[in-house]
Amino acid sequence: MAERHPQIVGNWDKVGRTACDEMYPDSIRFQDNGLYFGLKDPPGTFTQWDVGTYEITGSERINISTANDAIVTYRFAISDDTLTFVDHYDCQFRYRRAG
């Protein structure tokens, strides 16, 4: 069952860069309607999360539709203005709330 998690709604910018997180967007916007939009710099660069849907399925789980239309489950946490994800390869990457 989907859970509401209004803290995730908004614009987020990636904090730092590592080899494991380069396939994820540099900035991402989560909307209240369950849609997200990811952007890479420079524009047009591939990102695993380009445009799609997200659904929070537990206190630390989120399903995100990826660029190839697969729905992948990630662990996530929000603390203050930092959003942290962990993928199924144990790659951990962070975003900070923008603006």
Side-chain angles (χ1 to χ4, degrees):
M1 175 136 201
E3 296 185 6
R4 299 223 13 108
H5 204 294
Q7 297 95 330
I8 201 169
V9 173
N11 297 312
W12 301 86
D13 294 324
K14 191 184 282 180
V15 178
R17 304 281 187 283
T18 64
C20 78
D21 73 11
E22 66 185 46
M23 75 171 114
Y24 297 103
D26 296 326
S27 63
I28 191 164
R29 182 176 79 232
F30 290 99
Q31 296 184 165
D32 192 40
N33 62 1
L35 298 177
Y36 78 87
F37 301 88
L39 296 171
K40 287 289 281 181
D41 191 28
T45 305
F46 175 79
T47 176
Q48 186 71 7
W49 300 345
D50 53 357
V51 170
T53 61
Y54 73 94
E55 178 182 34
I56 295 170
T57 59
S59 63
E60 297 179 350
R61 302 273 179 205
I62 185 170
N63 290 339
I64 297 179
S65 65
T66 62
N68 67 359
D69 294 330
I71 296 177
V72 179
T73 302
Y74 299 86
R75 293 186 317 233
F76 84 102
I78 299 175
S79 177
D80 297 321
D81 284 333
T82 301
L83 171 58
T84 304
F85 290 99
V86 180
D87 69 14
H88 55 280
Y89 298 111
D90 283 331
C91 174
Q92 182 173 320
F93 48 104
R94 292 182 172 84
Y95 292 85
R96 183 159 290 124
R97 188 173 296 280

Are [X] and [Y] side-chain neighbours, meaning at least one heavy-atom pair lies under 4.5 Å?
{"X": "W12", "Y": "K14", "result": "no"}
{"X": "R61", "Y": "T73", "result": "yes"}
{"X": "H88", "Y": "V72", "result": "yes"}
{"X": "Y95", "Y": "I28", "result": "yes"}

What is the distance from atom [atom1] of [X] to atom [atom2] of [Y], rounded to the nearest 0.5 Å?
{"X": "D90", "Y": "Q92", "atom1": "CG", "atom2": "CD", "answer": "9.0 Å"}
{"X": "Q31", "Y": "N33", "atom1": "CD", "atom2": "CG", "answer": "4.5 Å"}
{"X": "F76", "Y": "T84", "atom1": "CZ", "atom2": "OG1", "answer": "10.5 Å"}
{"X": "I71", "Y": "N63", "atom1": "CD1", "atom2": "CG", "answer": "6.5 Å"}
{"X": "E22", "Y": "T45", "atom1": "CD", "atom2": "OG1", "answer": "11.0 Å"}
{"X": "D41", "Y": "T47", "atom1": "CG", "atom2": "OG1", "answer": "12.0 Å"}

Does the gap between the ring centers of W49 and F30 come in under 6.0 Å? no
Between F85 and F93, ring centroids under 6.0 Å: yes
Check the surroundings of atom [atom1] in [X]: do more than 12 heavy atoms from other residues, nucleotides or ligands lie under 6.0 Å from it?
{"X": "R17", "atom1": "CZ", "value": "yes"}
{"X": "E60", "atom1": "CD", "value": "no"}
{"X": "F46", "atom1": "CZ", "value": "yes"}
{"X": "L35", "atom1": "CG", "value": "yes"}

ILVMFWY cluster, M23 and L39 together (side-chain gap under 4.5 Å): no
Can you get from F37 to I8 by hopping between Ile, Leu, Val, Met, Phe, Trp and Tyr side chains that sit under 4.5 Å apart? no
Is the backbone of [Y] close enough, under 3.5 Å, to the side chain of [X] for a donor and an acceptor to pair up by distance?
{"X": "S65", "Y": "D69", "answer": "no"}
{"X": "R75", "Y": "I62", "answer": "no"}
{"X": "D80", "Y": "T82", "answer": "no"}

Taking atom types as modelled, find out whether D87 and Y24 have a side-chain donor-acceptor pair closer than 3.5 angstrom. yes
Between D26 and K40, is there a salt bridge with N-O shorter than 4.0 Å? yes
Of the non-hydrogen atoms in Y36 and D50, which two are nearest, and what is the gap between them? OH-N, 3.6 Å
Chi angles and distances behind the salt bridge (charged side-chain N to carboxylate O under 4.0 Å, His left out) call for D21, R94: CA-CA 9 Å; D21 73 11; R94 292 182 172 84; over 6 Å; no
CA sep, side-chain torsions, deciding dist, call: T66, Q48, side-chain contact (heavy atoms from CB on, under 4.5 Å): CA-CA 6 Å; T66 62; Q48 186 71 7; 3.5 Å; yes
